[in-house]
Structures are given as structure tokens and as C-alpha cells.
Chemist: 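My questions will all concern the structure given below.
Note: hydrogens, waters and symmetry copies are ignored here, and every other heavy atom, side chains too, is used.
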Amino acid sequence: MLTGKSHTAHDGLLLIQLGEGSSHAFDVLYEKYWHNVVDEAYKRLGDKDQAKDIAQEVFTVMWTRNKEVPIENLPAWLYTVTKNQVYKLLQKQQRYVSVPDLLSELVSCSDRTDAAIIEKELIRAYNALVDSLPDQQRIIFKMRYHDELSPDQIASTLSLSPKTVRNHLGRALLKLKTTFMLLQLFIILTDKY
Amino acid sequence: MDQLEKKRFLEILEKYNSGNASEEEVGFLDAYYKAFGLRADYTAGLEENERAQLKTDLKNSISENILSHQADMTRKKRRIVFRLAASAAAIVVIAIGLFYQPQADKPAPLAGQGVEQEQIVPGGNKAMLTLANGKKIILSDASNGTLAEQAGVQISKTADGQLVYKILDPSQQDLNTGNQFNTIETPKGGQYQIHLPDGSTVWLNAASKLTYPSSFSSHTNRKVDLTGEAYFEIAKDHSRPFIVKTATQEVEVLGTHFNVNSYEDEPAVKTTLLEGSVKVNTNNGSNRILKPGQQLALTGNTIHIANIDTELAVAWKNQQFVFESDDIRYIMRMVSRWYNVEVEYRGPIPESKFGGSVSRFDNVSEVLKPLELTGRVRFKIEGKRIIVTK
């Protein structure tokens with residue numbers, strides 16, 4: 001895994017040679033990291049050819065990038081560039097693995113010591129995302145459930161159509177439900193430790 | 001619920017990919033991505049040979065990708081230079097316009113097309129080397145004369161800027177068998193100089209391909225396959241003749257300098273001898289021995305030998321386009337191969353013969369302008385296409 005690898009002094013030297021156009025340096029770095037990049041992409045895409053395409057792109061970028069900006073940490077750089085390529089492809093193919101599905105997958109990996117940390121981080125990041133809901137949605141949500149106004153009342157107060165209000169409420173509710181479910185899962189998981 | 005979640009997720013992805021995601025959205029995508037990290041590695045589960053195959057295939061597609069990327073970059077860089085040149089020209093034109101009344105509009109077919117001409121650039125040192133083991137290596141202008149060393153192959157730059165690659169130790173490449181072949185291939189707009197393991201030197205012109213054994217030591221002759229055009233300076237070895245095989249003939253030599261032009265779009269295969277002697281064996285069983293200064297043209301089964309100015313045949317190797325009483329189609333085929341452009345004829349094809357010479361490293365308009373000045377032919381450039389009219 002790229003995240004478990006550290007940038008060595010030798011990597012640094014090879015990157016300098018790469019900057020001078022050395023294809024030998026490129027070959028050595030490819031030899032060292034090709035499988036990591038393929039593996040990282042494969043884990044997200046589950047498809048050998050797509051993983052290969054991503055790796056091809058990542059190493060092409062490594063060769064053709066503007067070498068004036070040095071790479072401080074090669075494994076981290078490869079990890080990030082691979083991630084960005086994967087996310088581009090996921091957007092293009094409109095693919096999504098749901099967060100609850102991903103979390104239940106993590107439960108089955110509970111023999112891995114880092115599984116708990118990764119779960120915790122995913123739940124935290126997800127909650128932070130929900131907390132950052134657009135302001136209007138948050139206000140509507142508060143009026144409905146805190147001030148106990150009806151959707152029609154909210155609509156007239158905010159000069160919105162009742163339909164818009166209902167859409168916002170629906171979305172906020174869904175977020176809340178998911179968060180709630182995640183929290184429950186989280187409790188189950190933490191109970192195990 | 002899944003649909004809505006998915007919709008929201010894709011919205012976040014879109015924002016992330018366009019650089020507009022919020023801090024929370026980026027944080028979420030990072031953690032989400034990381035959560036997949038616990039899945040099993042793919043490559044670890046492969047058999048050793050599958051893994052090696054994947055590694056080689058991937059490397060080859062990366063090499064091809066880089067090569068095409070570099071071609072794009074060269075094009076872009078030159079475009080910037082031309083654009084600067086074009087705007088400088090515009091300033092001069094404006095400055096002149098302030099002081100002089102412009103004369104009546106004269107047709108200036110090439111001058112007014114700076115924008116479109118930008119895309120056409122001369123060729124350079126570009127080739128792809130495929131080693132006997134299937135490994136592909138890109139050979140191009142290495143920066144600052146950097147030497148690249150592959151297993152058993154050394155790539156270096158000569159004083160005149162030519163790139164040369166040399167087999168250092170053939171035994172490293174094929175320990176088991178001497179019967180393996182390397183291929184060096186130039187794209188349209190590429191050329192390359194090669195030092196073969198026997199000490200011979202080959203200049204490969206654009207859109208050409210040379211296949212040769214990675215080591216000649218175990219062979220009774222030195223046989224190479226050629227498509228396209230190459231100039232050979234063969235090291236003397238009386239015990240082992242050097243043979244250049246093309247689709248329709250074989251050229252057999254002991255040690256000499258000669259050029260073979262066997263482009264498929266040329267009507268004749270032309271073998272031109274500069275030094276020494278060669279024997280040309282055609283596929284239908286005829287053979288001829290050439291003397292220095294002679295050119296053999298093989299058209300179908302017809303052999304024609306003529307005394308010619310050999311400088312013309314090898315001008316390309318000296319970075320020149322030289323024509324002497326050549327028809328426009330022949331000239332445009334050379335232009336097409338070197339500048340990587342399509343040529344289209346509109347209306348009747350000019351029948352005149354043209355002569356002249358120009359550097360291959362000049363802009364394509366430097367090649368076309370003198371031809372246009374004859375008044376017998378006109379050119380129009382549209383993107384990567386040159387349109388020829390009378």
C-alpha cells in the first residue's frame with residue numbers, strides 16, 4: 001500500500017535524475033511502484049483494465065509533469081494522483097459505492113488493526129459533511145423541527161414555494177437518517193473494542 | 001434513498017474534480033477513498049508470469065502514451081513560438097501601415113495563414129525501440145545530452161545532435177538464443193541514427209522500420225528487414241555479408257555506403273550506391289551488381305539502372321530536401337512524411353518539374369514558398385492538411 005511506504009533518499013535521487021530526462025531513473029521508479037499504483041486503483045474500481053488505464057496515466061504524468069516543482073514524497077504523490085484519476089473516472093462513469101455498504105465492508109475487516117481508525121475517520125468526515133449543509137436547508141430544517149412550523153408556513157415566511165421547502169426537508173432528513181444509521185453502526189463497532 | 005445519496009455523491013465528485021469542493025467535501029472524499037484501502041491487493045494474487053506480463057504490458061502502454069504526449073508538447077511549444085513570431089509580424093505590419101499607404105491587395109496565399117500553419121512542424125529525432133523481450137523504449141531528444149542506459153543499451157547524443165543508440169553487451173539481452181530481433185521504428189516526422197552491434201551505422205528516415213538481430217555473432221550473414229527509407233554505412237566483414245531485405249528485393253553487400261528507399265507509396269524501390277559495391281536480388285530471381293554513383297529502380301518486375309547525382313538520394317540524411325526536376329507528387333510525399341501532414345490535390349495536378357533545396361528543419365512554408373514562386377503550383381494550409389492546386 002502506498003500509504004504505508006515512505007519516501008527514501010534513493011527515490012529523491014532518482015527524481016532528480018528523472019528531472020534531467022533519465023529514462024533509467026524512470027524505469028527504476030516504475031519497477032518499484034507500478035504494482036502499488038495498480039493495486040490502489042483496482043481496490044476502488046474492481047476492474048483490471050481500468051486499473052491499468054489509471055496506472056498508465058499516473059506514470060505518464062510522472063514523466064511529463066513540470067519537474068520544476070519537486071515531489072517531496074513520491075509514495076504520497078502517487079497516492080494522490082491515483083486518487084484524483086480514480087475520482088475522475090468514477091464521475092465519468094457515474095459510479096458510487098454507498099457509505100453504509102462501505103462501512104459494513106469495514107466491519108468484516110475488523111481483524112485489521114487499522115480498520116477501526118479508518119471507520120472512525122470516515123464517520124467523522126461524513127458528519128462534518130452533513131454539518132456543512134447549505135444554510136437554507138439548515139434554516140428550513142430548524143424551522144420545521146425546532147420551531148415546529150408547517151412547510152406552508154415556512155414557505156410563506158421565506159418566500160419560497162412549498163415544493164422547494166419539502167425538497168430541502170427531504171434531503172436534510174435523508175442526511176440525518178444516514179448519519180443516524182452511521183452513528184448506530186459506529187456504536188456497534190466501538191462496542192467491539 | 002440510494003438514488004438521492006448517489007446523486008449527492010456525484011455532485012460532490014464533480015465539485016472535487018473541478019476544484020470547487022468545500023473543505024468538508026474534500027475531507028469526506030479522502031476518508032471515503034481511504035476506506036477502500038483495506039481491500040485485497042490485486043497484483044499480489046497473480047501468478048508470477050501473469051504479474052510479469054501485466055508489468056510489461058503496462059510499461060509498453062505508458063511508453064506509447066509518453067511518446068504521443070511528447071509529440072503534442074513539441075507541437076504546442078512551437079505553436080507558442082510561431083504565435084509570438086506572428087504577433088511580432090503584426091506589429092511590424094501595423095507600424096509600416098502608419099507610415100506608408102498600403103498598396104493594392106496582392107494575393108499572398110501563404111503569408112495570410114500564420115494561424116493555421118502553426119500546427120505543422122518539422123520532424124525530429126523520434127523513434128520507438130522494441131527489444132527482443134517485447135520491452136519498448138522511447139528514443140527522443142533527451143534533455144541536456146543526458147545519456148539513458150537500459151539493460152545492455154546505451155543512448156547517447158552525437159556532437160551534431162543526432163541521437164545514437166548502441167548495444168553495449170549483446171549477451172545481456174539474449175543469453176539463451178542468438179535468434180532474437182529488435183525493431184526500431186520512426187513515426188511520420190521522426191528520424192533516427194542507429195549504431196548496430198557489428199559497427200555499421202544506419203540512418204532511418206521518417207515513417208520507416210528496421211528489424212535486426214540483437215546480436216549478429218551467431219549468424220552466418222547480417223540480415224536486416226527494412227520498410228521505408230534508410231541510409232547504410234556498413235562495416236566491412238568479408239566473412240558475413242550484410243543483407244537488407246525489403247518487400248520486393250534483397251540488397252547484399254560486404255561493406256559499403258548505400259541508400260534504400262522502399263516506401264510503399266513510392267512507385268519504385270530505389271537502391272543508390274555511394275561507395276563500394278552491392279548486389280540487388282529481386283524477389284523474382286533477377287540480380288544486378290551496382291557501381292558507385294548508380295541507382296537501381298525496381299518498379300514491379302522492371303529494373304532500371306541509371307547514373308545519378310547520389311547527393312540527391314541521401315540529402316535527407318544531411319537534413320536537406322533537395323529536388324532536381326521532380327514532380328510535385330514526389331515532393332509532396334516527402335513533405336507529408338517529414339511534416340506529418342496530409343496532402344490533398346484539388347483540380348488538375350500541376351505537371352511541371354521542380355528543383356531546389358531547403359533545410360528539413362525549416363517551417364513547412366519555407367519548403368512551399370519557393371515552389372509557389374514558380375507560379376506553377378499553389379498551396380493552401382488547413383490545419384494539418386496541405387491543399388495543392390494549379
Chemist: What are the two closest heavy atoms between Leu90(A) and Leu10(B), and how far apart are they?
Modeler: O-CD2, 4.2 Å
Chemist: So does Lys209(B) have more than 12 non-hydrogen atoms from other groups sitting under 6.0 Å from NZ?
Modeler: no
Chemist: For the residue pair Tyr87(A) and Tyr32(B), categorise the inter-ring angle as parallel (less than 30°), tilted (30 to 60°) or perpendicular (more than 60°).
Modeler: parallel
Chemist: Sort Leu29(B) into side chain, backbone, both or neither according to what part of it lies under 4.5 angstrom from a heavy atom of chain A.
Modeler: both
Chemist: For a side chain to side chain contact (heavy atoms under 4.5 Å, CB included) check, start with the C-alpha distance between Ile62(B) and Phe26(A), then their side-chain angles and the critical distance, and finish with the verdict.
Modeler: CA-CA 11 Å; Ile62(B) 291 168; Phe26(A) 182 84; 3.9 Å; yes
Chemist: Nearest 0.5 angstrom please: Glu14(B) CD to Gln94(A) CD, how far?
Modeler: 8.5 Å
Chemist: What pair of heavy atoms forms the shortest contact from Ala31(B) to Leu122(A), and how long is it?
Modeler: CB-CA, 3.7 Å
Chemist: Give me the atom names and distance for the closest heavy-atom approach of Phe36(B) to Arg44(A).
Modeler: CB-NE, 3.5 Å
Chemist: Name the region of Glu40(A), side chain, backbone, both or neither, that has any atom closer than 4.5 Å to a heavy atom of chain B.
Modeler: both
Chemist: State whether the side chain of Asn65(B) and the backbone N or O of Glu57(A) hold a donor-acceptor pair below 3.5 Å, judged by distance alone.
Modeler: no
Chemist: Counting distance only, does the side-chain N/O of Lys43(A) pair as donor-acceptor with the main-chain N or O of Tyr33(B) below 3.5 Å?
Modeler: no
Chemist: To the nearest 0.5 Å, what is the distance between NZ on Lys34(B) and OH on Tyr79(A)?
Modeler: 6.0 Å
Chemist: For Asp198(B), enumerate each residue passing the side chain to side chain contact (heavy atoms under 4.5 Å, CB included) test, keeping only those at least two apart in sequence or located in another chain.
Modeler: Leu196(B), Ser200(B), Phe216(B), Arg222(B), Phe242(B)
Chemist: Tell me, for Val58(A) versus chain B, whether the close heavy atoms (under 4.5 Å) come from the side chain, the backbone, both or neither.
Modeler: neither
Chemist: Minimum heavy-atom separation for Leu58(B) and Gln56(A), please, with both atom names.
Modeler: CD1-N, 3.8 Å
Chemist: Show, in sequence, the C-alpha distance, side-chain angles and deciding distance for Thr43(B) and Tyr42(A), and conclude whether the side chain to side chain contact (heavy atoms under 4.5 Å, CB included) test is met.
Modeler: CA-CA 9 Å; Thr43(B) 57; Tyr42(A) 186 82; over 6 Å; no
Chemist: I'd like to know which of Lys52(A), Lys83(A), Lys48(A), His35(A) tops the heavy-atom pair count under 4.5 Å against chain B.
Modeler: Lys83(A)
Chemist: State, to 0.1 Å, how close Ala125(A) and Gly27(B) come at their nearest heavy-atom pair, and which atoms those are.
Modeler: CB-O, 3.7 Å
Chemist: Is it true that a side-chain atom of Tyr30(A) and a backbone atom of Lys59(B) form a donor plus acceptor pair closer than 3.5 Å?
Modeler: yes
Chemist: With chain A, which of Glu23(B), Glu25(B), Arg51(B), Arg39(B) has the greatest number of heavy-atom pairs at distances under 4.5 Å?
Modeler: Arg39(B)
Chemist: Find the one option among Asn84(A), Leu2(A), Asn36(A) whose heavy-atom pairs under 4.5 Å with chain B are most numerous.
Modeler: Asn84(A)
Chemist: Count the heavy-atom pairs under 4.5 Å between each of Val86(A), Thr64(A), Asp114(A) and chain B, then report the option with the highest count.
Modeler: Thr64(A)
Chemist: Which pair of heavy atoms, one from Trp63(A) and one from Ile66(B), lies closest together, and at what distance?
Modeler: CD1-CG2, 3.1 Å
Chemist: So which of Lys88(A), Glu121(A), Arg124(A), Arg95(A) has the largest heavy-atom pair count under 4.5 angstrom toward chain B?
Modeler: Lys88(A)
